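Just so you know, these numbers come straight off a predicted model, no measurement behind them. FYI, side chains are in, hydrogens and waters are out, and symmetry mates aren't considered; it's all heavy atoms of this structure. Labels below follow one simple rule: chain letters A, B, ... track the order of the sequence lines, proteins then strands, and each chain is numbered from 1.
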Amino acid sequence: MIWAGVVVASLACYGLKLAGLSLPQRWLQHERVQRTIPLIPVALLAALIGTQTFATGKHLVLDVRAAALAVAVVAVVLRAPFLVVVAVAAATAALLRLL
Amino acid sequence: MAAPATPTPPTRGIVRDALGIAIASGAYAVSFGAISTAAGLSLIQTCALSVLMFTGGSQLALVGVVGAGGSIWAGVLAAALLGSRNTLYGLRLSSILKARGPKRALASHFVIDETTAMAIAREDPELSRRAFWVTGLALFVFWNAGTLIGALATEAIPDPKVFGLDAAPPAAFLALLAPRLRAREPLAIALASAVVAIAVLPLVPAGVPLLIVALLISMFGALRKP
């Protein structure tokens with residue numbers, strides 16, 4: 001089942017890239033398309049952060065992941081590199097679970 | 001007065017920039033590989049994602065959803081929705097690349113954030129094309145090597161929670177999101193999207209919260225005044 005998802009999602013992502021190189025240029029002239037598409041990753045990444053921090057499956061939970069996210073926010077504000085942001089978040093969760 | 005320094009030949013500058021970007025995303029790929037195997041994907045599935053999908057945000061979305069207990073199809077949906085931005089990049093790149101046939105088929109695979117940024121940063125179309133291909137190839141190599149390293153490192157760990165790896169995906173998404181939040185509007189959109197997604201999550205099937213957020217943001221983009 002996971003394999004099917006890996007293949008379908010990869011095909012979908014490839015199709016979206018190919019569409020960009022193949023669609024007529026006038027699509028780019030649509031001002032609304034231009035304004036809207038950059039907003040989509042912002043909204044989706046934020047939604048993913050929210051749901052993966054405060055939920056397990058379909059249940060809302062408040063656990064060490066919230067503290068890990070808070071530490072990650074501080075790291076991002078301090079402009080830490082990508083790996084550092086991820087590492088301090090994981091370390092925070094791991095340490096809090098040890099307590 | 002000292003003689004002006006010889007400018008770096010443009011091609012060498014491109015290679016240097018491309019390698020810098022490729023190494024940085026190689027580090028990102030290490031965390032992707034670790035998160036993916038921690039989420040329950042096998043080593044080969046993890047590496048297949050990096051070879052076949054080759055767009056980091058979507059890959060991370062897929063394994064993040066699976067790791068958080070969602071279904072694989074909810075993950076597929078998240079990956080495809082996040083991948084939609086590559087369509088816009090492709091539209092922008094097609095007049096620069098002018099690729100046809102098999103070349104376009106290959107170029108499509110490389111249409112991602114980094115290659116687009118490198119290509120459109122150059123004014124000369126020839127240099128733009130070169131920047132696109134060099135960055136794409138360098139990234140592909142480092143991205144897949146990093147994935148393998150991360151996946152190998154985590155595969156041996158019996159319980160990923162001990163290392164806090166379940167807290168890694170939100171931090172990774174945050175690091176991807178942060179550069180897009182330099183203005184007030186995207187920040188407000190991000191906060192509202194997170195609140196909406198959390199609020200509807202207990203009420204709807206897995207994956208649907210992301211779909212709702214994607215629909216709402218599309219309506220917002222279509223309806224708001226310029």
Side-chain angles (χ1 to χ4, degrees), chain A residues 1-10 12-14 16-23 25 27-28 31-32 35-60 64-65 68-69 72-73 76 82-83 85-86 89-94 97, chain B residues 27-28 31 41 45 48-49 52-53 55 58 61-62 64 68-69 72 75-76 79-91 94 104 107-108 111 163-165 167-178 180 186 189-190 193-194 197-198 201-202 209-210 213-214 217-218 221-222:
Chain A
M1 203 57 168
I2 291 213
W3 266 119
V6 165
V7 172
V8 170
S10 297
C13 286
Y14 180 77
L16 286 163
K17 295 170 174 176
L18 183 65
L21 286 186
S22 309
L23 286 170
Q25 280 293 295
W27 277 58
L28 196 54
E31 209 196 318
R32 288 190 173 156
R35 273 186 288 139
T36 307
I37 291 187
L39 300 179
I40 292 176
V42 171
L44 288 182
L45 288 170
L48 283 165
I49 294 169
T51 53
Q52 296 194 7
T53 303
F54 300 104
T56 299
K58 277 186 72 171
H59 301 281
L60 298 186
V64 296
R65 286 175 296 168
L69 181 66
V73 169
V76 158
F82 187 91
L83 261 191
V85 175
V86 175
T92 303
R97 285 207 179 100
Chain B
Y28 172 16
S31 29
L41 276 77
Q45 286 164 343
L49 271 180
L52 300 174
M53 193 179 284
T55 175
S58 295
L62 186 141
I72 179 75
V76 171
L81 286 172
L82 262 178
S84 65
R85 73 189 187 289
N86 290 330
T87 306
L88 187 68
Y89 296 157
L91 279 167
S94 66
R104 182 193 285 172
S108 297
V111 173
F163 291 91
L165 279 175
F173 291 130
L174 182 70
L176 286 182
L177 177 60
R180 302 175 198 263
I189 288 173
S193 304
I198 294 169
L201 180 114
L210 283 184
V213 166
I217 194 65
S218 304

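Both the backbone and the side chain of B:Ser84 come within contact range of chain A, judged by heavy atoms closer than 4.5 Å. Looking at A:Val42, the atoms closer than 4.5 Å to chain B (heavy atoms on both sides) sit in the backbone and in the side chain alike. In this structure, the portions of B:Tyr28 lying under 4.5 Å from any heavy atom of chain A include both its backbone and its side chain. Both the backbone and the side chain of A:Val73 come within contact range of chain B, each with at least one heavy atom under 4.5 Å from a heavy atom of that chain. For A:Ala68, the part lying under 4.5 angstrom from a heavy atom of chain B is the side chain only. For a residue to count as touching a neighbouring chain, one of its non-hydrogen atoms must lie under 4.5 Å from one of that chain's; by this rule A:Leu21 touches chain B with backbone and side chain alike. Both the backbone and the side chain of A:Ala47 come within less than 4.5 Å of a heavy atom in chain B. Heavy-atom distances place both the backbone and the side chain of B:Leu91 under 4.5 Å from chain A. Neither the backbone nor the side chain of A:Thr92 comes within contact range of chain B, judged by heavy atoms closer than 4.5 Å. Both the backbone and the side chain of B:Leu201 come within contact range of chain A, judged by heavy atoms closer than 4.5 Å.
Most heavy-atom pairs under 4.5 Å with chain A, from the set B:Ala48, B:Ala178, B:Ala190, B:Ala107: that is B:Ala190. Of the residues considered (A:Pro41, A:Ala55, A:Ala4), A:Pro41 shows the highest number of contacts with chain B, using heavy-atom pairs under 4.5 Å. Among the candidates A:Ala72, A:Gly5, A:Ala12, A:Ala93, the residue making the largest number of heavy-atom pairs closer than 4.5 Å to chain B is A:Gly5. Contact count against chain A (heavy-atom pairs under 4.5 Å) is highest for B:Ala172 among B:Ala79, B:Gly69, B:Ala214, B:Ala172. Ranked by heavy-atom pairs under 4.5 Å with chain A, the first of B:Ser218, B:Gly221, B:Gly64, B:Gly164 is B:Gly164. Ranked by heavy-atom pairs under 4.5 Å with chain A, the first of B:Leu176, B:Leu88, B:Leu174, B:Leu49 is B:Leu174. Between chain B and the options A:Pro38, A:Ser10, A:Ala94, heavy-atom pairs under 4.5 Å are most frequent for A:Ser10. Per-residue heavy-atom pair counts under 4.5 Å with chain B were compared for A:Val85, A:Ile2, A:Thr51, and the maximum is reached by A:Ile2.
A 4.5 Å side-chain heavy-atom check between B:Pro170 and A:Arg65 finds every atom pair outside the cut-off. The shortest side-chain heavy-atom distance between A:Leu16 and B:Thr55 does not fall under the 4.5 Å cut-off. The closest side-chain heavy-atom distance from B:Asn86 to A:Cys13 is not below 4.5 Å.
The two residues B:Ala222 and A:Arg32 have their closest heavy-atom pair at O-NE, 3.0 Å. Scanning both residues, A:Val86 and B:Ser31, for their nearest heavy atoms gives CG1-CB, 4.2 Å. Taking all atoms of both residues into account, the shortest heavy-atom contact from B:Ala171 to A:Ala89 is CB-CB, 3.4 Å. B:Ala61 approaches A:Gln52 most closely through the heavy-atom pair O-NE2, 4.4 Å. Heavy-atom minimum distance, A:Ala43 versus B:Ile189: CB-CG2, 4.2 Å. Between A:Lys17 and B:Met53, the closest heavy-atom pair is NZ-O, 3.1 Å.
Rounding to the nearest 0.5 angstrom, the gap separating the CH2 atom in A:Trp3 from the CD1 atom in B:Ile72 is 11.0 Å. In this structure, CZ in B:Arg180 is found 10.5 Å from CG in A:Leu39, a value given to the nearest 0.5 Å. Here B:Tyr89 contributes atom OH and A:Ile37 contributes atom CD1; the two are 10.0 Å apart, rounded to the nearest 0.5 Å. The line from CG of A:Leu48 to CG of B:Leu177 is 10.0 Å long, rounded to the nearest 0.5 Å.
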Decide side-chain contact (heavy atoms from CB on, under 4.5 Å) for A:Leu18 and B:Arg104; before the verdict, give the C-alpha distance in whole Å, the side-chain angles of both, and the deciding distance to 0.1 Å.
CA-CA 8 Å; A:Leu18 183 65; B:Arg104 182 193 285 172; 4.2 Å; yes
One pair to check against side-chain contact (heavy atoms from CB on, under 4.5 Å): A:Leu44 and B:Ser193. What are the steps and the verdict?
CA-CA 7 Å; A:Leu44 288 182; B:Ser193 304; over 6 Å; no
Could you walk me through whether B:Ile217 and A:Thr36 pass side-chain contact (heavy atoms from CB on, under 4.5 Å), step by step?
CA-CA 8 Å; B:Ile217 194 65; A:Thr36 307; 5.7 Å; no
